[in-house]
Structures are given as C-alpha cells and as structure tokens.
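Here is the structure we will look at, set down as structure tokens.
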2 protein chains.
Amino acid sequence: MELSCKSEYALLALLELADHYRDNEPLQIRQIAAEQKIPDRYLEQLLATLRRSGLVRSQRGAKGGYILAQEPWKITLSEIVASIEGTDAQSPDVYRDAKSIEGMVIREVWQEAGQAADAILQKYTLQDLMEKRNSRQQLDLMYYI
Amino acid sequence: MELSCKSEYALLALLELADHYRDNEPLQIRQIAAEQKIPDRYLEQLLATLRRSGLVRSQRGAKGGYILAQEPWKITLSEIVASIEGTDAQSPDVYRDAKSIEGMVIREVWQEAGQAADAILQKYTLQDLMEKRNSRQQLDLMYYI
DNA sequence: ATTATATCCCGGTTCTCCACCGGAGTTTAC
DNA sequence: GTAAACTCCGGTGGAGAACCGGGATATAAT
C-alpha cells in the first residue's frame with residue numbers, strides 16, 4: 001500500500017549488495033549511497049536494522065562494509081520489509097483490549113488483506129528483482145536502437 | 001497492513017449506521033460515538049470526510065444526523081478506506097518522476113501487493129461485516145449457554 | 001420569531017514517526 | 001599508529017494522527 005522511503009532505500013541498497021555478491025568483499029555505505037542516490041547517514045541506520053535482522057553482515061574497520069548474509073535468491077521482499085518497516089514491537093493500544101465483536105471482525109478482515117499483500121512480497125526474492133531489472137534494461141536498449 | 005484508528009473508527013461508525021439503515025431517520029454523532037466508544041469531536045471529522053466521498057449523507061439542524069448514502073451491500077471496505085485513509089490524489093503515471101529502473105521495478109511489485117490487499121477489501125461490504133458480526137454473536141451465545 | 005438541536009468550519013495541541021544530520025567511540029587493515 | 005570504515009548516541013524539522021474548542025449555520029418544534 002504505502003511505499004515509504006525507508007523500504008525503497010533498503011531494497012535499493014540490498015539490490016546493490018546483491019549485484020556485488022559474487023565479489024565476496026564488502027561494499028561501503030558511501031558507495032551504495034552514491035550509486036543509488038541515498039543520503040548516507042540515513043542509509044547507515046537502515047543497514048544497521050537489516051544487520052540486526054540477519055539479512056546483512058558487516059565488517060568494521062578499514063576495507064570494511066556490508067555483505068549479504070544470504071544468497072540473493074533466499075532473501076524475500078517480505079523479510080526485508082518486515083525487518084525495515086515492521087518492528088512494531090508493541091502498539092500503544094491500551095484501549096484496544098476492550099475488544100468489541102465488531103472490532104475483532106474488522107481486525108480479521110484487515111489481517112486477511114495484510115496476508116494477501118505479504119503473499120506477494122513473499123514470492124519475490126532479491127534475485128527476482130535483479131532479473132526483472134535486467135530484462136527491463138534489455139527492453140530499454142531495444143527501444144533505443 | 002496497518003490498521004489505523006481512523007479507519008477502524010470509520011468502519012465502526014458506518015457499521016452503526018448500517019444497523020439503523022432501515023429506520024430512515026438520521027443517527028447523531030453523539031449516539032454513534034457513545035455506542036462505539038469513539039471521541040465524538042474526532043468522529044465528526046471522519047464523518048465529514050465520508051460525506052465528501054459520498055458514502056454518507058447528513059442532515060443539519062434539530063433531529064439531524066447521518067444516514068448511509070447507499071445500501072449496506074453496495075459499500076465496500078475498499079471505498080471506505082480509500083475515502084478515509086487515502087487522499088491519494090494520484091497523478092498520471094506519465095508525470096511520475098523519472099526514477100531509476102530499479103525504482104520502477106520496486107514500485108511495480110509494491111503496486112501488485114497493494115492491489116492484492118485491495119482486492120480483499122473490495123470483496124467485503126458493510127453488509128458482509130454485519131453478517132460476520134451477527135454469526136459471531138450467535139457463536140458467543142452458544143458458548144455461553 | 002424564537003429556541004433548542006444538530007451539523008459545519010475554523011482553529012489549536014500533543015504525540016509519534018519519518019527523513020536526515022553530526023559527533024564521539026570502536027574496530028580493523030595497512 | 002594512523003586512516004578507514006562501522007557503531008552508538010542524540011538532535012532537528014516536518015508531517016500526519018488523534019484529539020479538543022469555539023463559533024457560525026441550518027433546521028425542527030414551540
């Protein structure tokens with residue numbers, strides 16, 4: 001539904017990391033930020049979040065940076081947005097436990113809609129996004145010629 | 001995905017209006033707010049939004065209030081949340097800012113997920129919610145006996 | 001006509017999250 | 001040991017959510 005800057009930045013960064021996954025050497029924040037036009041200080045926070053979720057590993061010190069913690073075809077978009085968007089540990093819903101029946105019914109429908117959206121995000125991996133992008137680039141090239 | 005207070009309040013209020021749809025006389029904000037435990041001054045804003053979207057009609061003055069503008073089985077949850085949550089005055093995609101190819105691919109997947117969620121909300125009407133609630137109440141009664 | 005009753009419209013407030021910046025500390029390669 | 005990178009901490013500005021209040025306006029009943 002809502003595509004926040006956070007999620008898009010995170011996806012772009014992970015896509016960049018996926019591109020260099022074969023190199024087996026870390027990519028620095030600065031490079032990712034420059035390549036994808038992301039404010040570096042902000043990207044740093046997002047990568048820290050992704051690290052805490054185990055999607056990315058970091059190496060400190062000189063020649064350090066970030067690497068994907070798993071192969072690109074094992075990371076789904078669902079995991080990414082769950083990591084970045086939804087650390088809704090506890091919502092401040094004190095009054096929500098006074099659950100009317102209508103409230104519960106509404107919540108169930110909402111949950112169903114959320115699961116439908118998540119099902120879509122689960123069937124796409126980083127690898128899929130890369131391939132989608134590559135074939136798109138191919139298409140653009142064809143039109144250019 | 002995210003179930004905001006706004007949407008839940010609006011749904012509860014419309015459910016209340018649907019309950020009294022046969023009466024053909026308006027329900028006041030105060031009554032809805034009292035019945036569904038909604039802050040009345042806030043509910044007023046939401047009903048104003050729903051009115052501007054044509055989901056609800058209002059009658060001013062004494063004996064005034066709100067009535068559903070359409071039959072309960074003609075109002076989908078999709079319309080409701082679109083009215084209340086989304087003032088997404090969507091501009092034509094042609095004038096969408098020229099982003100990177102990866103940005104476009106990401107946006108397409110996001111759109112697909114959003115449409116999947118909206119499809120769920122489209123297949124439920126106010127009438128459906130009422131029936132869901134009624135059968136739920138029936139169930140609770142059975143357990144109570 | 002006047003009045004009681006309701007919506008309508010204009011604000012303001014508090015709070016949280018987003019997007020982002022800066023500094024000080026820590027780890028590591030060289 | 002120094003430079004290069006991450007790590008942690010806090011802070012800012014803006015937007016929206018979730019409210020509250022006052023006054024203007026419309027309408028039914030007297």
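Note that these values count all heavy atoms, side chains included, but never hydrogens, waters or copies made by symmetry. Throughout, a chain's letter reflects where its sequence line sits, starting with A, and its residues are numbered from 1.
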Check your understanding: Nearest-Å distance, CD1 (B:I29) to P (D:dC20)?
Key -> 13 Å

Review point. For B:V109, which of A:L11, A:D128, A:L129, A:L3 qualifies under side chain to side chain contact (heavy atoms under 4.5 Å, CB included)?
Key: A:L129

Check your understanding: A:K6 has an atom NZ; how far is it from atom C1' of C:dC17, in whole Å?
Key -> 8 Å

Revision key, fill the gap. Sorted by position of nearest nucleotide on DNA chain C, 5' first, the leading residue of A:C5 and B:G65 is B:G65

Check your understanding: Do B:L139 and A:V105 share a hydrophobic cluster, counting only Ile, Leu, Val, Met, Phe, Trp and Tyr and linking them when any side-chain heavy atoms are less than 4.5 Å apart?
Key -> no

Revision key, fill the gap. note: B:L27, atom CG; C:dT7, atom C1'; distance rounded to Å ~ 14 Å

Review point. If Ile, Leu, Val, Met, Phe, Trp and Tyr residues are connected whenever their side-chain heavy atoms lie under 4.5 Å apart, and connections chain through other members, are A:L55 and A:I67 in the same group?
Key: no

Revision key, fill the gap. The residue, A:Y66 or B:S7, whose nearest nucleotide of DNA chain D is more 5′ is A:Y66

Point to revise | Whole angstrom value for the distance that separates P of C:dC17 from CD of A:E85 | key: 12 Å

Check your understanding: Does B:Y9 have a side-chain nitrogen or oxygen under 4.0 Å from the phosphate oxygens OP1 or OP2 of D:dC19?
Key -> yes

Revision key, fill the gap. Paired with B:E102, the salt bridge (Lys or Arg N to Asp or Glu O under 4.0 Å) test is passed by just one of A:K37, A:K132, A:R133, namely A:R133

Check your understanding: Heavy-atom distance under 4.5 Å between the side chains of B:V81 and A:W110, does that happen here?
Key -> yes

Exercise for review: Provide, to the nearest angstrom, the distance between the CD1 atom belonging to A:I84 and the C1' atom belonging to C:dA19.
Suggested key: 13 Å

Distances under 3.5 Å only, N/O to N/O: pair up the protein atoms with those of nucleotides 27-30 of chain C.
from, atom 1, to, atom 2, distance (Å)
C:dT27, O2, A:G61, N, 3.3
C:dT28, O2, A:A62, N, 3.3

Check your understanding: In residues 30-52 of chain B, which residues come under 4.0 Å of DNA chain D by heavy atom?
Key -> B:P39, B:R41, B:Y42, B:Q45

Point to revise | Nearest-Å distance for atom pair CD/C1', residues B:E25 and D:dA29 | key: 16 Å

Exercise for review: Can you establish whether the number of heavy atoms outside B:M104 located under 6.0 Å from its atom CE is more than 12?
Suggested key: no

Point to revise | Connected via hydrophobic side-chain network under 4.5 Å: A:W73 and A:M130 | key: no

Exercise for review: Please check if the side chain of A:S135 supplies one atom and the backbone of A:E131 the other of a donor-acceptor pair under 3.5 Å.
Suggested key: yes

Check your understanding: Is there a side-chain contact between B:Y9 and B:Q36, using heavy atoms and a 4.5 Å cut-off?
Key -> no

Point to revise | Contact under 4.0 Å: A:S58 side-chain N or O vs D:dT7 OP1/OP2 | key: yes

